[in-house]
Trainee: 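Following this message is one structure expressed as structure tokens.
One is the number of the first residue; the rest follow in order along the sequence.
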Amino acid sequence: MEDCVNVLKLMMKTFRRESHRVLSSERTTVLGADGMLMVLQLVMAEINKQGCGEFKVCLSDVLMAWKHLLLDKLHLPPPPSPRPHSYELIMEGYQSFLRVSNTVDLPDILLMYKQLRVHSDPQEPLSPISLFEFLSGNHEVQEPPATPHTKPHPLRSQVKMAVRRVFFSYLSLLVNTKDDMALAMTLDVPSRSLGRQAFTDVKHAARDSNTSLFLAVTSFIRAVQLGGKGYAPSESHPLRKHLKGLTLFVHFLDSLEEILGETPDPSVCGARLLAAIRAALLKGRSSEDEVYAAAEETSLELKERMRELQQKLTTEGSNSGISPARPKAHAVNHATALGGRDTVKLLMALLDEEATAPPCANKAELLSEDQPVLCGAERTCMLSLFRSPEVSTGSSPEPLKNRVQSRINLLRAKRTDRVVLSQFSITYREHDDDLPLNRVLDFPSSSQTPTCVHPAPKPRPSPAVDVDTPTAEAQQEVVLVQRSGNALKAKTGKGSTAGSVTTVKGNKRKQTSKDGAENEPPEKKRVTGASVKPNQRLNKASSKKKLITGQGTLTSFFRV
């Protein structure tokens with residue numbers, strides 16, 4: 001196993017030195033055995049979604065296609081088992097994913113080594129059969145005997161593997177921004193409220209613009225911040241609702257880029273990059289958390305490995321041949337930036353060494369959706385992340401709990417909000433909500449209201465009285481009426497509406513009033529003083545006292 005790993009490192013060194021002859025980009029990254037298997041799982045799930053509508057794939061189908069894929073890429077005879085369904089589409093999708101992500105796998109490294117090697121390099125350091133055995137995991141891995149103190153916990157080993165992938169994904173984005181797998185692992189780690197829905201929106205935006213996921217995110221954030229009114233994305237853009245989380249992600253990568261460009265020493269710059277990633281992962285976590293311990297351990301291991309690689313690159317000097325090389329004077333922008341070139345060289349060496357690591361022994365643990373939760377409430381499995389959220393079409397039945405609750409809400413009496421028209425409706429609303437207001441209050445309508453509520457009494461004939469010779473009783477009543485009239489006049493004042501009763505010598509008595517004439521009904525006839533009794537005069541005077549200004553006009557209006 002160690003011999004195979006050393007030979008792969010030697011082939012990787014030759015590839016980095018001569019990659020500009022066959023590749024357009026010097027920052028191409030290499031996928032190891034685990035990365036190849038995860039990409040194959042995603043491609044097969046996407047093909048199944050196009051065929052049957054479900055983004056999923058069985059583990060047995062992935063392992064069978066994995067064996068056929070390795071044998072075909074290494075130009076070895078196929079196995080006796082038949083090829084899986086739509087195998088040609090699987091191969092085409094796999095190669096397309098590598099091409100879009102600007103990555104190559106280890107079988108491609110072996111094939112390109114035969115074209116890129118020089119006379120000083122060995123002719124064929126590794127056979128295709130040996131590489132197939134290495135990638136399949138058939139080589140025996142010699143591990144030291146585990147003691148009770150050194151034996152790792154299964155859950156802790158999974159958490160450490162997931163944390164290690166996050167560290168290498170951030171470093172890979174600094175080298176190759178087209179790596180979609182690296183962006184998928186780091187978009188919501190640490191938590192930025194960017195779950196499956198946000199990743200799906202980013203994936204659709206990248207597909208519509210025919211760009212990588214990283215370029216789709218950064219171009220959207222730059223357009224929002226620097227675009228202005230005419231070039232900023234519209235408010236209906238699907239990434240608008242994830243603006244805060246995407247801004248945090250882009251700002252964190254910008255801070256890593258600043259460290260990469262401002263620190264000239266590669267070992268110091270690498271230590272600062274690892275410290276920044278570690279601080280982001282451990283934010284808000286206690287020292288007893290498993291992620292905390294895994295991040296601390298992984299940071300120390302990578303820092304030590306960077307220091308060793310830097311010493312090795314320094315001793316080899318310019319003959320190391322690892323790209324990117326120092327640009328010439330006439331080609332300053334030779335596919336990479338000038339600042340941080342030595343650190344990028346160190347990061348590429350670290351990523352190449354990780355790609356040549358032995359594959360995971362437990363393929364089910366690698367491809368299972370039951371991955372440890374590093375942040376938030378969602379897991380870091382690529383299959384569950386690339387799967388788009390399900391949209392309810394209404395055809396599938398709802399859960400029993402939701403159906404019972406909806407039935408209860410339907411049977412429950414609903415209060416309808418009505419517009420309150422008057423104080424009467426507020427008073428009587430709780431008693432009779434369904435009846436109209438005139439039925440509740442038992443008020444007649446305006447058409448049913450009589451024009452005259454109190455009709456004028458009919459004149460009654462009174463016995464003839466000798467006016468010339470009034471009796472003593474009549475004289476006493478007249479005196480009382482005169483006194484009461486004076487009292488009313490004194491009370492109401494000069495402008496009072498109450499009329500004053502006066503006596504006239506002779507056979508006629510008249511009742512005079514300024515407002516009284518218009519308050520009387522037209523059909524009511526004047527009654528002479530001889531036929532009006534004193535008590536009746538007192539009642540009329542008291543009723544006229546209760547009138548207010550304008551009441552007579554209103555009465556005559558409604559009478560008409």
Side-chain angles (χ1 to χ4, degrees), residues 15 19 22-25 27-51 54-59 61-74 83-112 135 165 168-169 171-173 175-187 196 199-217 351-352 354-355 359-360 363 366-367 369 380-388:
F15 166 75
S19 61
V22 292
L23 298 176
S24 59
S25 175
R27 294 200 176 191
T28 304
T29 53
V30 182
L31 284 180
D34 295 343
M36 294 172 60
L37 197 57
M38 295 171 67
V39 171
L40 180 63
Q41 183 189 26
L42 293 178
V43 171
M44 294 184 66
E46 183 66 28
I47 293 176
N48 290 340
K49 180 182 178 181
Q50 296 176 1
E54 296 183 359
F55 191 87
K56 64 179 182 179
V57 62
C58 298
L59 180 61
D61 296 340
V62 176
L63 295 180
M64 182 168 42
W66 169 248
K67 183 178 294 185
H68 283 273
L69 176 68
L70 292 179
L71 292 175
D72 286 347
K73 289 183 72 68
L74 294 173
R83 288 184 174 183
H85 180 64
S86 63
Y87 177 74
E88 290 76 10
L89 294 178
I90 294 175
M91 286 292 297
E92 182 180 356
Y94 178 81
Q95 294 294 340
S96 177
F97 192 95
L98 295 184
R99 183 171 56 257
V100 170
S101 301
N102 192 23
T103 55
V104 293
D105 54 9
L106 292 178
D108 292 337
I109 295 295
L110 179 61
L111 296 178
M112 284 187 290
L135 295 177
R165 289 200 204 103
F168 277 101
S169 297
L171 297 179
S172 178
L173 282 178
V175 177
N176 178 21
T177 58
K178 294 183 179 180
D179 193 352
D180 293 343
M181 291 277 291
L183 185 135
M185 291 183 182
T186 58
L187 186 64
R196 288 173 53 192
F199 182 78
T200 302
D201 294 339
V202 172
K203 184 174 61 176
H204 292 169
R207 182 186 59 190
D208 296 340
S209 58
N210 196 18
T211 58
S212 62
L213 299 180
F214 180 83
L215 185 57
V217 173
L351 294 174
D352 292 344
E354 181 66 15
C360 180
K363 300 295 190 298
L366 176 66
L367 302 179
E369 296 188 31
T380 57
C381 177
M382 291 294 99
L383 187 63
S384 61
L385 185 60
F386 274 82
R387 182 186 296 120
S388 301

Trainee: Within this structure, what is the NZ-CG distance for the pair Lys203 and Leu187, rounded to the nearest 0.5 Å?
Mentor: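 Lys203 atom NZ to Leu187 atom CG measures 12.5 Å (nearest 0.5 Å).
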Trainee: The criterion is ring-ring contact (aromatic ring centres under 6.0 Å, His included); which residues satisfy it with Phe199, sequence neighbours excluded?
Mentor: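 Once residues adjacent in sequence are excluded, the partners of Phe199 under the ring-ring contact (aromatic ring centres under 6.0 Å, His included) criterion are Phe386.
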Trainee: Say you draw a straight line from CE of Met382 to OG of Ser384; how long is it, rounded to the nearest 0.5 Å?
Mentor: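 OG of Ser384 is found 7.5 Å from CE of Met382.
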Trainee: Output the distance between atom CG (Asp179) and atom CG (Asn102), rounded to the nearest 0.5 Å.
Mentor: 8.5 Å
Trainee: Hey, what do you get for OG1 (Thr177) to CG (Leu183), rounding to the nearest 0.5 Å?
Mentor: 10.0 Å
Trainee: List the atom pairs, donor and acceptor, that lie under 3.5 Å between side-chain atoms in residues 31-48 and the rest of the protein, sequence neighbours left out.
Mentor:
{"from": "Asp34", "atom 1": "OD1", "to": "Cys360", "atom 2": "N", "distance (Å)": "3.0"}
{"from": "Gln41", "atom 1": "NE2", "to": "Leu367", "atom 2": "O", "distance (Å)": "3.2"}
{"from": "Asn48", "atom 1": "ND2", "to": "Met44", "atom 2": "O", "distance (Å)": "3.4"}
{"from": "Asn48", "atom 1": "ND2", "to": "Lys56", "atom 2": "O", "distance (Å)": "3.0"}

Trainee: Quick one: CG on Leu110 to NZ on Lys73, what's the gap to the nearest 0.5 Å?
Mentor: 11.0 Å
Trainee: Taking all atoms of both residues into account, what is the closest heavy-atom pair of Ala182 and Thr186, and its distance?
Mentor: O-OG1, 2.9 Å
Trainee: Given 3.5 Å as the limit, does a donor-acceptor pair link the side chain of Asn176 with the main chain of Ser101, or not?
Mentor: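 Looks like yes, one N/O pair under 3.5 Å.
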Trainee: Are the side chain of Ser172 and the backbone N or O of Phe168 linked by a donor-acceptor pair below 3.5 Å?
Mentor: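 No, Ser172 side chain to Phe168 backbone: no donor-acceptor pair under 3.5 Å.
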Trainee: Are any non-hydrogen side-chain atoms of Leu351 and Val30 less than 4.5 angstrom apart?
Mentor: no
Trainee: Atom CZ in Arg83, atom CG in Leu69: separation rounded to 0.5 Å?
Mentor: 10.5 Å
Trainee: Return all side-chain donor-acceptor pairs below 3.5 angstrom for residues 84-98, not counting sequence neighbours, or 'none' if the list is empty.
Mentor:
{"from": "Tyr87", "atom 1": "OH", "to": "His68", "atom 2": "O", "distance (Å)": "3.1"}
{"from": "Tyr87", "atom 1": "OH", "to": "Asp72", "atom 2": "OD2", "distance (Å)": "2.4"}
{"from": "Tyr94", "atom 1": "OH", "to": "Asp105", "atom 2": "OD2", "distance (Å)": "3.0"}

